[in-house]
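Step one of this worksheet: look at the structure below.
Bear in mind the structure is a predicted one, so any value in this text is a computation, not a measurement. Position 1 is the first residue of the sequence; numbering continues from there.
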Amino acid sequence: MEYTKSALVDLIKKTVYEVTNVKVEDEKMNLLDNRLNIRPADFLYIFDLLEKELHVPAADILRDHNHTIMEVGAMGDALLKLL
């Protein structure tokens, strides 16, 4: 399947919601933001589901990046590069 950044952002939002019940509206929102109250362990499940859906090592986007990679839009860009 051919993905666009928009489709990846939607997939990230959907996956975050499935795992955490947290609705992320803004692609500038950083998933590490304390206001979202996402538990660190939840990120294991989020990345696992993304990897299964996309068939790429999604957690690799964490390499060589700072905390801003956890912004939904930045994650979408990084995942698009892995595809």
Side-chain angles (χ1 to χ4, degrees):
M1 177 176 189
E2 190 84 19
Y3 285 95
T4 63
K5 178 185 175 182
S6 176
L8 289 171
V9 166
D10 289 343
L11 176 63
I12 294 164
K13 289 178 181 180
K14 180 181 117 252
T15 304
V16 169
Y17 184 76
E18 286 176 7
V19 172
T20 67
N21 284 331
V22 172
K23 210 170 203 182
V24 178
E25 300 291 336
D26 183 7
E27 78 174 57
K28 293 287 186 188
M29 178 57 83
N30 191 309
L31 297 178
L32 298 174
D33 190 315
N34 287 333
R35 294 174 290 174
L36 295 179
N37 203 26
I38 297 175
R39 297 175 308 161
D42 289 338
F43 290 108
L44 297 173
Y45 296 106
I46 291 167
F47 279 102
D48 182 57
L49 290 173
L50 290 172
E51 287 181 355
K52 287 178 180 171
E53 177 70 26
L54 300 172
H55 306 289
V56 297
D60 283 359
I61 67 170
L62 301 173
R63 291 184 184 157
D64 302 320
H65 289 97
N66 61 25
H67 68 283
T68 60
I69 194 64
M70 294 303 288
E71 289 178 4
V72 176
M75 286 179 74
D77 285 330
L79 288 171
L80 193 57
K81 288 178 184 174
L82 283 180
L83 296 171

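What you find for Leu80 and Tyr3 is that their closest heavy atoms are CD1-O, 3.4 Å. The two residues Leu82 and Ile61 have their closest heavy-atom pair at CD1-CG2, 3.6 Å. In terms of heavy-atom proximity, Val9 sits nearest to Gly73 at CG2-CA, 4.2 Å. Nearest heavy-atom pair, Met75 versus Ile69, reported as atom, atom and distance to 0.1 Å: CG-O, 2.8 Å. Smallest separation of non-hydrogen atoms from Val24 and Val72: CG1-CG2, 3.7 Å. Closest approach of Leu36 and Leu31 over heavy atoms only: CD1-CA, 3.8 Å.
Residues Val56 and Met70 share a single hydrophobic cluster, defined by chaining ILVMFWY side chains whose heavy atoms lie under 4.5 Å apart. Leu79 and Leu83 fall within a single hydrophobic cluster, where Ile, Leu, Val, Met, Phe, Trp and Tyr side chains are chained together by heavy-atom contacts under 4.5 Å. When the side chains of ILVMFWY residues are joined at heavy-atom separations under 4.5 Å, either directly or via intervening members, Leu44 and Leu32 end up in two distinct hydrophobic clusters.
Rounding to the nearest 0.5 Å gives a distance of 8.0 Å between OG1 of Thr4 and CG of Asp10. From Asn66, atom CG reaches atom CG of Leu62 across 11.0 Å, with rounding to the nearest 0.5 Å. Considering CE of Met29 and NZ of Lys13, their distance stands at 10.5 Å, rounded to 0.5 Å. Between atom CG of residue Leu54 and atom CZ of residue Phe47 there is a gap of 11.0 Å, rounded to the nearest 0.5 Å. Taking CD of Glu27 as the start and CG of Leu8 as the end, the distance is 11.0 Å to the nearest 0.5 Å.
The pair Asp48-Lys52 meets the salt-bridge criterion, since a charged nitrogen lies less than 4.0 angstrom from a carboxylate oxygen. Between Asp26 and Lys28, none of the side-chain N atoms (NZ, or NE/NH1/NH2) sits under 4.0 Å from a carboxylate O, so this pair counts as no salt bridge.
Other residues, nucleotides and ligands place no more than 12 heavy atoms under 6.0 Å from the CG atom of Asp64.
For Asn30 (side chain) and His67 (main-chain N/O), a donor-acceptor pair under 3.5 Å exists by modelled atom type.
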One pair to check against salt bridge (Lys or Arg N to Asp or Glu O under 4.0 Å): Lys14 and Glu53. What are the steps and the verdict?
CA-CA 12 Å; Lys14 180 181 117 252; Glu53 177 70 26; 5.5 Å; no
